[in-house]
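It should be emphasised that the depicted structure is a prediction, and the values quoted were computed from it without experimental measurement.
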Amino acid sequence: MSSDLLNKAYDPEDVEMRWYRRWESDGLFAASDSSTRKSYSIVIPPPNVTGVLHMGHALNITLQDIMCRYRKLKGDNVLWMPGTDHAGIATQNVVEKKLAAEGLSRHQIGREKFVEAVWEWRKVYGGRIINQLKRLGAMCDWDRERFTMDEGLSRAVRRVFVDLYEQGLIYRGLYIINWCPRCYTALADLEVEHEEHDGHLYHIRYPFPDGNGGLTVATTRPETMLGDTAVAIHPEDERYRDIGHDHVILPLMGRTIPIIRDSYVDTSFGTGALKVTPAHDPNDFEIGTRHGLDSIKVIGDDGLMTPEAGRFAGMDRSECRADVVRALTEEGLLGKIDPHKHNVGHCYRCKEVIEPNLSRQWFVRAKPLAEKAIAAVENGETRIVPGTWAKTYYDWMYNIRDWCISRQIWWGHQIPAWTCAECQHEVVAMEPPGACPSCQSRNMIQETDVLDTWFSSALWPFSTMGWPDKTTLLNTFYPTSVLVTGFDILFFWVARMMMMGIHFMGDVPFRDVYVHALVRDEDGKKMSKSKGNVIDPLTVIDHYGTDAFRYTLAAFAAQGRDIKMSEKRVEGYRHFVNKLWNAARFSLMHLDQGHERIDRGHITLADRWILSRLARVTRSVSDAIDTYRFNDAAGELYQFVWHEFCDWYVEASKPTLYGKDTSPEGMAVTKAVLWNVLRDILLLMHPFMPFVTEEIWHQLPGVEGSIMTASFPEHDDGRRGIQVDPDAESEMALVSGIVTGIRNIRGEMHLPPSLQLNVSVHSREDRLRRVVDAYRGMIVNLARLTALTVAAPGPRPKQSATAIVDGASIYVSLEGIIDFEKEQQRLEKEIAKLAAELGTVSTKLSNPNFLEKAPADVVEKVREKHRSLDEKQQQLAVNLERIKELQTD
RNA sequence: GGGCGGGUAGCUCAGUUGGGAGAGCGACGGCCUUACAAGCCGUAGGUCACAGGUUCAAGCCCUGUUCCGCCUACCA
């Protein structure tokens with residue numbers, strides 16, 4: 001039999017490797033550039049080329065793969081566009097580190113050689129993360145893999161830069177930006193991580209020119225005072241109305257600086273006098289602009305004090321702070337020092353403290369772009385799921401500020417701007433200008449800065465498809481169907497793609513944005529290398545297999561909640577994979593051919609029931625994936641496969657399959673049902689567990705080719721005989737209720753399974769008796785009985801334990817072995833439980849308001865509940881009395 | 001400062017128009033029943049953070065309190 005090919009326990013390692021290679025080589029991941037089929041497209045959030053697969057990727061990739069595989073089974077033309085981004089700062093850092101190990105710096109080898117070295121590095125290591133994605137089973141169309149530094153994508157970057165410049169949406173100017181002295185580059189506001197630090201608020205007296213009195217200012221960064229060019233007070237501050245001076249002396253520097261009045265000053269903070277350092281604080285810069293103040297840069301780009309800092313020149317900025325404080329103390333100008341919590345910005349790449357610095361940089365004018373991006377979400381052209389994230393998106397978009405896009409590094413898209421060395425004329429163009437359009441000089445010098453990596457990522461949905469050319473690929477797949485991403489890059493990436501997509505394509509880049517959770521460690525902390533709490537997805541895959549890992553991620557991917565991950569959790573789903581594997585082994589033992597059609601002529605109750613449940617589950621899994629409720633889909637399948645198919649259907653079918661109580665026709669029907677249910681289970685599970693389902697698929701007789709090329713089941717398939725069957729469901733509920741009732745007694749009375757029981761079922765209801773009688777074989781089998789008697793209520797069997805189910809009394813005969821004490825306790829416990837339930841129901845029914853105001857169907861439901869509870873309780877009470885009597889006999 | 005999410009069984013979490021509190025794991029008891037001991041059968045366990053309110057009815061809606069987490073922000 002074919003099941004000989006299946007081992008007793010599933011072994012993922014060999015299976016995964018084998019099938020992934022096969023899928024790739026058979027071209028099953030390939031999308032068609034154009035097709036009459038419905039298009040479905042996703043662009044991957046490109047991982048950093050320096051990246052190593054982490055849990056965030058694993059979740060992100062798994063969810064996308066689930067959708068792509070699902071849509072493919074549904075018959076769509078699926079494009080999952082893969083690739084990586086060049087991660088300017090991160091990659092430059094990595095390669096610089098490598099050079100440093102050889103005793104070299106990038107400045108020693110020069111820009112050209114350095115960029116070559118990065119490409120070299122990329123050639124060797126750039127494929128690492130891609131191979132790791134493949135281990136997750138990702139069905140990306142690898143032949144289309146893109147890299148943000150590819151020539152095609154670079155051309156898109158230049159096109160966008162030039163167009164935005166010409167439209168006045170890119171400009172260059174001198175502003176306060178965030179400067180990382182370690183990475184030696186400007187950063188965008190988003191790239192600064194704020195962290196609360198315990199600092200100090202230093203009070204410093206700036207004397208009046210006559211040497212007396214003065215104004216006391218409060219600051220957290222005393223070293224910046226060296227660059228102060230004014231002290232500001234609020235125009236209406238009573239305290240300073242009659243100071244009689246309009247200047248103060250800047251201590252340590254001896255410079256005379258003006259006292260200015262500006263309503264920006266908060267009178268309730270500190271002393272109400274604000275030192276103004278236009279070159280090192282964004283607010284001060286604005287005040288400086290308003291009042292025409294000088295900007296004096298005292299902290300250099302290297303983090304050392306500049307010559308403008310006088311005797312502090314050349315000092316490190318933190319040393320300088322200490323020294324300034326010391327000097328002020330000596331001069332008696334330092335007042336109190338209060339402890340003060342304040343936020344300090346850190347570089348998101350290297351964690352160095354950011355220095356707000358005056359610098360000439362390139363900016364994108366964001367507001368006009370943001371307006372359209374806001375409108376697109378407001379009018380539903382793009383839907384953000386879950387909807388709560390839309391609010392976050394709006395908040396950021398409405399308060400958007402210009403985006404600093406220039407970086408002083410070497411690895412990235414060099415800004416396509418040239419300045420004439422002769423006449424300073426500036427040219428922004430796609431290609432290097434041969435000569436200056438103004439003075440014809442051939443000495444044109446290109447801007448050395450490169451663009452923010454996110455600038456190129458923002459174009460990803462269309463640059464990867466060949467833009468600015470008008471390609472068939474764009475025509476077929478833009479806008480993409482959905483973007484799947486974590487909320488941590490909602491602003492960095494999603495918002496910017498929206499702005500660029502709408503601006504350059506005239507349409508949104510994606511119809512849906514599905515924002516998923518973050519994966520945390522088992523204590524809910526963010527995983528980080530420094531904390532040492534990182535779980536490596538590849539290790540998890542090695543230990544438990546990709547399918548189990550993917551299922552775990554899907555099962556925990558509830559909308560709006562983070563996932564706490566631990567290997568222990570994956571273990572449970574490995575068991576599930578194995579369960580499916582063994583259910584398949586069992587099924588395949590009995591299947592030697594395909595059974596497309598089910599002849600409902602000789603069908604059993606179990607057959608009808610499992611087909612009905614299959615019909616419902618198929619629909620509900622489909623709905624869940626369509627609405628991004630992956631945990632619901634995974635949960636429902638788990639319940640169905642394990643606790644319905646395995647626990648009930650397979651067990652109930654065994655006598656039939658082993659030929660014990662059926663006709664050849666009956667066996668054929670059950671085999672057909674088994675075949676169809678297993679087949680559909682494989683298809684329903686395939687998006688979640690691609691490998692094990694493919695492996696089993698190939699053992700299933702009567703199917704051909706890869707499961708990836710099959711069709712997702714219809715939920716109501718009349719052709720195959722699969723349909724919802726409410727009668728089967730209610731009859732099955734009765735039968736399984738009786739079986740459970742008997743098992744319950746067996747369990748509590750500690751009766752071993754080997755002991756076969758004799759049971760009577762009594763009921764007043766004809767229908768109920770008929771059903772029980774009709775399916776007595778199933779009850780006898782599942783509850784392990786020797787005999788089952790069905791009768792109208794009559795004399796109660798003596799020496800028996802009792803259970804009440806759905807209007808039927810079940811008597812388990814315990815002739816000679818009954819433990820009266822135990823049975824009495826059991827009944828009393830049961831009665832007490834019922835009494836409690838009955839209490840709440842009775843209270844409701846005795847409330848006239850409830851009867852009057854609640855909808856009739858609700859009232860009827862509660863009445864019915866009361867009737868059944870009451871009857872059950874009475875029956876049990878009678879039985880309890882009888883047990884007591886028997887005991888005293 | 002502003003915003004968002006969360007507090008449900010020992011642990012991790014579901015709970016979708018308000019109408020009988022659930023799952024997985026763990027615990028406990030019983031089983032090598034011919035697919036699976038990575039298994040099977042059964043049992044126990046919850047003042048749904050706290051306090052009010054709306055309602056015939058609240059885990060769910062409203063208000064307040066509290067604790068935890070995250071995002072965001074130019075009060076030095």
Between B/C41 and A/W648, is there an OP1 or OP2 to side-chain N/O distance shorter than 4.0 Å?
no

Indicate, with a heavy-atom threshold strictly under 4.0 Å, whether A/E571 touches base, sugar-phosphate, or nothing.
nothing

Per nearest nucleotide of RNA chain B, the residue lying toward the 5' end, A/R743 or A/H194, is A/R743

Residue whose closest nucleotide on RNA chain B lies nearer the 5' end, A/D632 versus A/K391:
A/K391

So does A/N582 get a side-chain nitrogen or oxygen closer than 4.0 Å to the phosphate oxygens (OP1/OP2) of B/A38?
no

Reckon A/K844 has a side-chain N or O less than 4.0 Å from the OP1 or OP2 of B/G20?
yes

Answer yes or no: does a side-chain N or O of A/K654 lie under 4.0 Å from OP1 or OP2 of B/A35?
yes

Can you tell me if A/H280 touches the phosphate of B/A76, counting only side-chain N or O atoms and a distance under 4.0 Å to OP1 or OP2?
no

Considering just the side-chain nitrogens and oxygens of A/H575, establish if one lies under 4.0 Å of OP1 or OP2 belonging to B/G39.
yes

Answer with yes or no whether A/E636 presents, from its side chain, a donor or acceptor under 3.5 Å of a partner atom in the base of B/A23.
no

What contact category does A/H643 fall into here, base, sugar-phosphate, or nothing, at under 4.0 angstrom with non-hydrogen atoms?
sugar-phosphate

So with a 6.0 Å cut-off around CD of A/E828, is the heavy-atom count from everything else above 12?
yes

Is the shortest heavy-atom distance from the side chain of A/V540 to the side chain of A/M55 under 4.5 Å?
yes

Given the C1' atoms of B/C32 and B/C68, what is the spacing between them in whole Å?
47 Å

So if I take every side-chain heavy atom of A/V265 and compare against B/A76, B/G20, B/G42, which nucleotide ends up nearest?
B/A76

Side-chain-base donor-acceptor pair under 3.5 Å for A/K8 and B/C36
no

Considering every strand and a 4.0 Å limit on heavy-atom distances, what is the contact class for A/V650: base, sugar-phosphate, or nothing?
base

Between A/K579 and B/A37, is there a contact of a side-chain N or O with OP1 or OP2 at under 4.0 Å?
no

With a 4.5 Å cut-off on side-chain heavy atoms, are A/F688 and A/Y573 touching?
no

Using only side-chain N and O atoms of A/R401, determine if any of them is under 4.0 Å from OP1 or OP2 of B/C74.
yes

Is the backbone of A/A9 close enough, under 3.5 Å, to the side chain of A/R585 for a donor and an acceptor to pair up by distance?
no

Side-chain donor or acceptor of A/D402 paired with backbone N/O of A/A366 under 3.5 Å:
yes

